[in-house]
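Data block below; observations after.
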Amino acid sequence: MKSAQKCILIIGAGGVGNVVARKCALLPDVFGRIVLASRTLSKCEAIASAVGDGRIETMCVDADNVPELITLMQAVKPFMVINVALPYQDLTIMEACLICGVHYLDTANYEPPDEAHFEYSWQWAFRERFADAGLMALLGCGFDPGVTGIFSAHAAKHHFDEMHYLDIVDCNAGDHGKAFATNFNPEINIREITQVGRFWQEGKWKTTAPLSVHQSVDYPQVGERDSYLLYHEELESLVLNFPTLKRARFWMTFGPAYLNALNVLQEIGMTSIEPIMFNGQLIQPLQFLKAVLPEPASLAENYVGQTSIGCQIRGLKDGRERTYFVYNNCDHAAAFREVGSQAISYTTGVPAMIGAMLMLQNTWFRPGVWNVEQFDPDPFMAALNAHGLGWHEIIDGPLAFNDLLD
Ligand code: NDP
């Protein structure tokens, strides 16, 4: 018998929505009823039909529209929403959750459509309202943000008395065979990597010109890859939640062909979010670019190679200097065989499913608005191993980060 308590509403039917829906469908004891809603109904239907057995119900919603969301939530009566639409919809969905008494989880911080920010302020401002309503919102429960925060919490709990230096290293060594494509929503991805670089040092944010700082990092089972210093949203909550950190940085790999294409697109104005008049209509060049680029979900079929993402940490344990590296490698082709997705969607969708599972099971449950590192990492780390994202750790071993620039 399907319990009303176990009903889950997934919003967003892109690359990540596909993985969340399929992974939830594998766990009928946890996720009794699954409703998948998105702007384009046919995308929900394609996922539901791939899963089969009527396991997934589908609905259409414009998640920019609070009254529409309320109508949907009142009809479905879910325990919680897993928001894997776009960061633009975070606030409207949180608002509707408050009105309908529904818990909330997402994988990316709210972004205003007309300005790139990558900050939690808008969502943290919901803290009191969620707490007063006895509702929980879990923010940034993908891989990065998400597992990188859980890796950090695991390191703090089990391996350090004080963490001092954190480097998050994110490598996609996969090849999808396309001239230029982004692995998740192109608008958000291009906004993220073309912004000013930022890292935390001695209590202050330091800035760098976009993609101006880079160096080679040796990734497990992948090898040396040029890695670029970027600002990434989890840094904001990690430096608050682990105040002993003297420095926190984020590095991501890009190949020369990708950077070349990005440079050209930037130079001709195609990555701008400033609206321009086109055929009597205001359009954002970046939104138009998204429309001509491949959908992230469509890259999956012939994608080969691996992602390798982890946290390299230095600090003190029992009065001694300690080095620690915790990471996951995920294979694109294996993700495709399992759930018809590429590894970027897989490494985001699996943690979102796990976060929802822990909330449903009351293992991670506290009214208010939280980032993942504020919970006990142990059940999450165990679930990563059980649900397809096995992790490895190297304690006091030789680490690539020892060579990272200071
Ligand atoms: P996609 O672009 O593939 O999918 C986005 C989905 O959201 C589409 O189905 C889209 O519908 C739907 N959507 C967009 N606007 C609305 C709206 N107004 N109402 C209802 N549905 C809407 O993106 P991904 O699946 O790759 O990414 C999903 C989320 O995951 C993003 O927020 C992204 O930033 C985040 N992410 C997080 C990562 C992490 O590690 N934390 C890594 C990768 C992604 P339509 O098809 O009609 O456009």
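In each ligand, atom 1 is the first atom listed, and ligand 1 is the first ligand listed.
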Results of salt bridge (Lys or Arg N to Asp or Glu O under 4.0 Å) for Arg22 - residues two or more places apart only: none
Lys NZ or Arg CZ of Arg366 over Trp364 ring: under 6.0 Å, within 45°: no
Nearest-0.5 Å distance, CD1 of residue Ile150 to CZ of residue Phe380: 3.5 Å
If you count only heavy atoms, which residues are under 4.0 Å from ligand 1? Gly12, Ala13, Gly14, Gly15, Val16, Ser38, Arg39, Thr40, Lys43, Val61, Asp62, Ala63, Asp64, Val84, Ala85, Leu86, Pro87, Gln89, Thr107, Ala108, Gly142, Phe143, Asp144, Pro145, Phe184, Asn185, Ile188, Pro296, Thr348
Is the charged tip of Arg225 near the ring of Tyr219: under 6.0 Å from the six-membered ring centre and within 45° of its axis? no
Contacts of type side chain to side chain contact (heavy atoms under 4.5 Å, CB included), residue Phe278, not counting sequence neighbours: Ile283
Run the side chain to side chain donor-acceptor pair (under 3.5 Å) test against Glu393 and tell me which residues pass, sequence neighbours left out. His154, His159, Tyr324
